[in-house]
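Structure first, then comments.
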Amino acid sequence: MKKLVLASGNPGKLREFGQLLAPFDFEVLPQSAFNVPEADEPHITFVENAIAKARHAALLTGLPALADDSGLCVPALGGAPGVFSARYGGDDPKSDERNNQKLLAELAGKSDRRAHYVAVLVLMRHADDPQPIVTEGEWHGEIIDTPRGAGGFGYDPYFLVPGTGKTAAELPHEEKNRFSHRGKALAQLIERLRAGM
Ligand code: IMP
C-alpha cells in the first residue's frame with residue numbers, strides 16, 4: 001500500500017479518509033505519526049490554506065499528502081466567518097458556542113439568512129507537485145436563531161437544510177455525510193482518483 005499523510009490531527013477525518021481511500025491502495029496516516037506540527041493557516045481563501053497544509057505535510061514527510069480546509073460563508077456578512085470559522089468568536093479559547101453567538105449577533109436585524117458551508121480538499125503527490133488534485137464542495141442552507149439537534153458540530157444546530165425542515169445537527173450522520181460540503185468534495189476526489197491520479 002502507498003502511504004499518504006493526512007495534514008490534520010482530527011481522528012474522525014482520519015477514519016473517514018482512511019476507509020474511503022483504502023480501495024485506491026492508500027494507507028492514510030496522521031501527520032502526528034511523523035511529528036509534523038500543525039501548519040499555519042495565514043491565508044484568506046480555503047484553497048490557499050489547504051494547499052499550505054498539504055505542502056507542509058508533504059515537505060516534512062517526503063510522502064504524498066492530503067489536506068482539507070472548510071468553513072461557513074454568509075453572503076449578508078460579506079462571506080464571513082469564512083476561513084475564520086473555527087475562531088470567529090475569538091481564539092482564546094476557541095468555542096462553537098462563542099462562534100454561534102457572534103454569528104447570530106452579526107445577523108441580527110438582517111433578512112438575508114442564507115449561508116453555505118465550503119470544503120476544499122487538496123491531494124499533493126509531493127511538496128513540489130505543480131498540479132495537485134483540488135476539489136471543492138458546497139452545502140447551502142440558512143441560519144436560524146434557535147438551535148436544534150445534538151449531532152454534527154460547529155454551526156450545525158443553526159444551519160437549516162432546505163427541503164428537510166431539519167438543521168444539520170438533526171440529520172443522521174450518514175445523511176449529513178452524503179449531502180455535506182465535505183462529502184461532495186470527497187466524492188469528487190474519489191472520481192479524480194478513479195480516473196487516474
Ligand atoms: P476545519 O476545516 O475542520 O478546521 O473546520 C473549520 C471550521 O468551520 C470548524 O471549526 C467549524 O466552525 C466550521 N465547519 C466546517 N465544517 C463544518 C460542518 O460540517 N458543520 C459545522 N461547522 C463546520
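Computed from a prediction, not measured in an experiment: that's the story for all the values here. Just so you know, ligand 1 is whichever comes first in the structure, and atom 1 is the first atom listed for that ligand. Atoms considered below: every heavy atom in the structure, side chains included; atoms not considered: hydrogens, waters and symmetry mates. Index from 1, following the sequence.
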### Query
Can you list the ligand 1 atoms lying under 4.0 Å from a non-hydrogen atom of D156?
18 (C), 20 (N), 21 (C)
### Message
Heavy atoms only: which of Y88, F46, F153 lies closest to atom 21 (C) of ligand 1?
### Response
F153
### Message
Between ligand 1 and R182, is the shortest N or O to N or O distance under 3.5 Å?
### Response
yes
### Task
Would you please determine whether G71 falls within less than 4.0 Å of ligand 1 on a heavy-atom basis?
yes
### Task
Check each atom of ligand 1 against the heavy atoms of K176 and keep those under 4.0 Å away; list them by number with element.
18 (C), 19 (O), 20 (N)
### Task
Do me a favour and list the nearest non-hydrogen protein atom to atom 12 (O) of ligand 1 with residue, atom name and distance?
Y155 CE1, 3.2 Å
### Query
Can you tell me if CD1 on I44 sees more than 12 non-hydrogen neighbours from other groups inside 6.0 Å?
no
### Query
Where is the nearest protein heavy atom to atom 16 (N) of ligand 1: which residue, which atom, and how far?
H181 NE2, 3.1 Å
### Task
Output yes when D128 and R55 qualify as a salt bridge under the 4.0 Å nitrogen-oxygen rule, no when they do not.
no
### Message
Looking at K2 and E27, is any side-chain nitrogen of the basic one under 4.0 Å from a carboxylate oxygen of the acidic one?
### Response
no
### Message
Any salt bridge linking R114 with D112? Criterion: basic side-chain nitrogen under 4.0 Å from a carboxylate oxygen.
### Response
yes
### Message
I'd like to know if atom 4 (O) of ligand 1 has any protein heavy atom within a distance of less than 4.0 Å.
### Response
no
### Message
Please determine whether any non-hydrogen atom of L72 lies less than 4.0 Å from an atom of ligand 1.
### Response
no
### Summary
Min over S8, S180, S70 of heavy-atom distance to atom 6 (C) of ligand 1 lands on S70
### Message
Please determine whether the number of non-hydrogen atoms from other residues, nucleotides or ligands lying under 6.0 Å from atom CD of E38 exceeds 12.
### Response
no
### Query
In terms of side-chain geometry, is the basic nitrogen of K176 or D156 positioned less than 4.0 Å from the acidic oxygen of its partner?
yes
### Query
Can you find a pair of side-chain heavy atoms, one from I143 and one from Y155, that are under 4.5 Å apart?
no
